[in-house]
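Since the structure comes first, as structure tokens, the remarks are kept for the end.
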Amino acid sequence: MANINNAPDALKKRTYDAIVVGSGVSGGWAAKELTEKGLKVLMLERGKPLEHITGYESANKAPWELEHRGRITAEQRHTHPFLARDYPYGERNEKYWFRDADAPYAENMRFDWFRPDIVGGKSIMWGRQSYRLSPLDFEANAKDGIAIDWPIRYDDLKPWYDYVEAHAGISGENLGLDHFPDGNLLPAMDLNVVEQHVRKSIEQNFPGRHLTIGRAANLTRPHKGRSNCQYRNLCDRGCPFSAYFSTQSSTLPPAMATKRLTLRPNSIVNSIIYDPKKGKASGVLVIDSQTNEQMEFHAKIIFVCASAIGSSWLLQNSISPSFPNGLGNSSGVLGHYLMDHHFRTGANGVWEGDEDKYIFGRRPNGIYVPRYRNVGSDKRDYLRGFGYQGGASREGWSRLIAEMGFGADMKNVITEPGRWTMGLGGFGECLPYEDNWVKLNPDVKDKWGQPTLKFNVEFKENEMKMREDMRNDAAEMLENAGLKNVKTYDSGSYPGMAIHEMGTARMGRDVKTSILNEWNQVHECKNVFVTDGACMTSASNVNPSLTYMALTARAADYAVKELKKKNL
């Protein structure tokens, strides 16, 4: 381990009030909250710099302006063997992603780990669906006798959901459902004509079920100096209009405005340094990814926001005589209970009608059907539930690719929109299982000489039973709405694919069964906080990023108050 230069001036330059590890959704919020509360903060990001607006090189490019028309090359498939297996990695944003070959991982069972390599992390490429966990979710483990109970309840987090929504800007519609809590929302995007029809049919034919527009972190009106959404649907390239929530558009600017934030990209945080005499962390060991130089940075508090798997790796790699199995891991649960949502199953069909109607722009948002299974009096032969995402649209010119047409007649046909189609795709909850884990793999080192990871994660019987309802219910709702040629599908879902990885350093009340307490503090190292997906005790069925924002803001508020009391 490299030692910091003992000279007082060098020590001063590398000492801060707080260190934030990671710059994604959680890290950006930690930096904003801590700097605005008066702390001098160092944000460490392993990825390369990405400047807001100017860094989004493909944001305004047409498909024909991309050299490979959006596809990746054979060489990129070789250097990115895991990323290349699924859709998020493509030519339009390939510079945003980590090179798999630099740190390959092992799979006892397939796990798709999508690693960003930029300042802002996945906040640049995320799907922006933003929902609150409900009282039902926070009580579920205790009610079902699964894993351990959450140490908090919905009422503990409600004011923080309100707080982060007010800043981030979430558009959507409130429905007044206890199990789908209302939010502090901007005006909703419009449903199109077919979605409105299906919504009406669901409400009439299926009491207790609802269809609404997705709650998205896309602005529907100017908000806090940011422009409203332009309906381009090119969000994963980076938005030069600042029209969706990202670190660059939303949390980094106010943090920088305080002049108390230092951002250091290309900084791999190798481990957290534990001081056994003080019983807390003193700083972090960092490897410069460009030069391989090692250095230490010191702070009073550390916020670990490197994503669920990145944070788990960091805690596991922070080995000392006090914690031979990883920082705060005397319980042995670190790395276990890894969760993700399962999806890629549902139904779609054709709507015969409304041929004189069309859609407006390219709405970067779909519909949402909140969970209704195992809610109230509904009881199934599996635990928990699922929601649907999807939408209706008209077929484009590509519908004729498989046809043998040519000439003027074909050209005339493809200038007209095709049939209306609509799909419902389920997103289901995965239970927290002890034998779903990620662990260090010291036998295989990455480019920087660090241990890599090994995954052992699978969806089990409960999830498989749920998927039957996800398919069949979708078909039933579409058929009742009058759609034709309704077909179910199941394209298979591997953990990691939904990019909603959660767990591995869960919150709980007991140091013997959890890593973090109700304030996201490491039980055994009180000045370290973990506020990203690693902290999740259960997964719910809704997209989790809004919960990370709320937990981070809450933990930052608590940490600063504890600092002032000299408790940290």
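Only heavy atoms go into these numbers, but all of them, side chains included; no hydrogens, no water, no symmetry mates. Nothing here was measured: the structure is a model prediction, and the numbers come from that model.
- Counting only distance, with no hydrogens or angles, the side chain of Trp313 and the backbone of Pro451 share a donor-acceptor pair below 3.5 Å.
- The side-chain heavy atoms of Trp437 and Leu338, taken from C-beta on, include no pair separated by under 4.5 Å.
- In summary, of the residues considered (Val304, Asn317, Leu314), a side chain to side chain contact (heavy atoms under 4.5 Å, CB included) with Val269 occurs for Leu314 alone.
- Within a 6.0 Å radius of NZ in Lys379, more than 12 heavy atoms belonging to other residues, nucleotides or ligands are found.
- Under the 30°/60° scheme for interplanar angles, the aromatic rings of Phe386 and Tyr388 are found to stand perpendicular.
- Taken to the nearest 0.5 Å, the CE atom of Met466 stands 8.0 Å off from the CG atom of Asn541.
- The 12-atom threshold is exceeded at OH of Tyr105, counting heavy atoms of other residues, nucleotides or ligands nearer than 6.0 Å.
- Here the side chains of Pro265 and Ser289 are not in contact, with every heavy-atom distance at 4.5 Å or above.
- Taking the ring centroids of Phe111 and Phe82, they lie at or beyond the 6.0 Å cut-off.
- For Lys454, the NZ atom sits in a loose shell: 12 or fewer heavy atoms of surrounding residues, nucleotides or ligands are nearer than 6.0 Å.
- Using cut-offs of 30° and 60° for the angle between ring planes, the His80 and Tyr89 rings count as parallel.
- Under 4.0 Å is where a charged nitrogen must lie from a carboxylate oxygen, and between Asp102 and Arg115 no such pair does.
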> Should Asn270 and Gln450 be marked as a side-chain hydrogen bond (donor to acceptor under 3.5 Å, both in side chains) after you check the CA-CA gap, both sets of side-chain angles, and the distance that decides it?
Replying inline: CA-CA 8 Å; Asn270 168 273; Gln450 303 177 118; 3.1 Å; yes
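- At a threshold of 4.5 Å between non-hydrogen side-chain atoms, the residues Asn325 and Leu334 do not count as touching.
- At most 12 non-hydrogen atoms from other residues, nucleotides or ligands lie less than 6.0 angstrom from CG of Asp178.
- Ion pairing between Arg132 and Asp137 fails under the 4.0 Å rule for side-chain N and carboxylate O.
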>> For Lys465 and Glu461: C-alpha separation, side-chain torsions, deciding distance, then whether salt bridge (Lys or Arg N to Asp or Glu O under 4.0 Å) applies.
In response: CA-CA 6 Å; Lys465 288 181 177 180; Glu461 181 181 5; 3.4 Å; yes
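- Proximity of Val284 to Ser271: side-chain heavy atoms (C-beta onward) are nowhere separated by under 4.5 Å.
- Using a 4.5 Å cut-off on side-chain heavy atoms (C-beta onward), Phe455 and Asn436 make no contact.
- Taking 4.0 Å as the cut-off between side-chain N and carboxylate O, Arg99 and Asp117 do not count as a salt-bridged pair.
- Contact check for Arg371 versus Leu136: side-chain heavy atoms found under the 4.5 Å cut-off.
- In this structure, CZ on Arg554 lies 14.5 Å from NZ on Lys158, to the nearest 0.5 angstrom.
- For the pair Arg215 and Phe180, the distance from NZ or CZ to the six-membered ring centre is under 6.0 Å and the angle to the ring normal is within 45 degrees.
- The distance from atom OG of Ser493 to atom CE of Met464, rounded to the nearest 0.5 Å, is 7.5 Å.
- Counted by atom type alone, His523 and Ser514 present one or more donor-acceptor pairs between their side chains at under 3.5 Å.
- Using a 4.5 Å cut-off on side-chain heavy atoms (C-beta onward), Val333 and Ile515 make contact.
- Between the side chain of Ser267 and the main chain of Arg46, no donor-acceptor pair closer than 3.5 Å is present.
- Under the 3.5 Å distance criterion, the side-chain polar atoms of Glu501 are left unmatched by any main-chain donor or acceptor of Pro495.
- Aromatic rings from Tyr372 and Phe206 are positioned such that their centres are separated by 6.0 Å or more.
- Crowding of Arg380 atom CZ: a count of heavy atoms from other residues, nucleotides or ligands under 6.0 Å exceeding 12.
- No option in Val25, Leu133, Val164 other than Val164 meets the side chain to side chain contact (heavy atoms under 4.5 Å, CB included) test with Leu546.
- Using cut-offs of 30° and 60° on the angle between ring planes, the pair Trp150 and Phe138 is perpendicular.
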>> Between Thr547 and Tyr131, does the side-chain hydrogen bond (donor to acceptor under 3.5 Å, both in side chains) criterion hold? Intermediate values first, please.
In response: CA-CA 8 Å; Thr547 298; Tyr131 305 98; over 6 Å; no
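- In this structure, Cys235 and Asn218 have side chains that are in contact, with non-hydrogen atoms separated by less than 4.5 Å.
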>> What verdict does the side-chain hydrogen bond (donor to acceptor under 3.5 Å, both in side chains) test give for Tyr494 and Glu107, after you've listed the backbone C-alpha separation in whole Å, the side-chain angles of each residue and the deciding distance to 0.1 Å?
In response: CA-CA 12 Å; Tyr494 291 98; Glu107 304 168 293; over 6 Å; no
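- Counted by atom type alone, Glu524 and Asn329 present zero donor-acceptor pairs between their side chains at under 3.5 Å.
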>> Assess the residue pair Glu75 and Thr79 against the criterion (side-chain hydrogen bond (donor to acceptor under 3.5 Å, both in side chains)); give the C-alpha distance rounded to whole Å, side-chain angles, the decisive distance to 0.1 Å, and a yes or no.
In response: CA-CA 6 Å; Glu75 173 62 19; Thr79 56; 4.8 Å; no
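- Within 6.0 Å of atom NZ in Lys487, 12 or fewer heavy atoms from other residues, nucleotides or ligands are found, so the atom counts as exposed in its surroundings.
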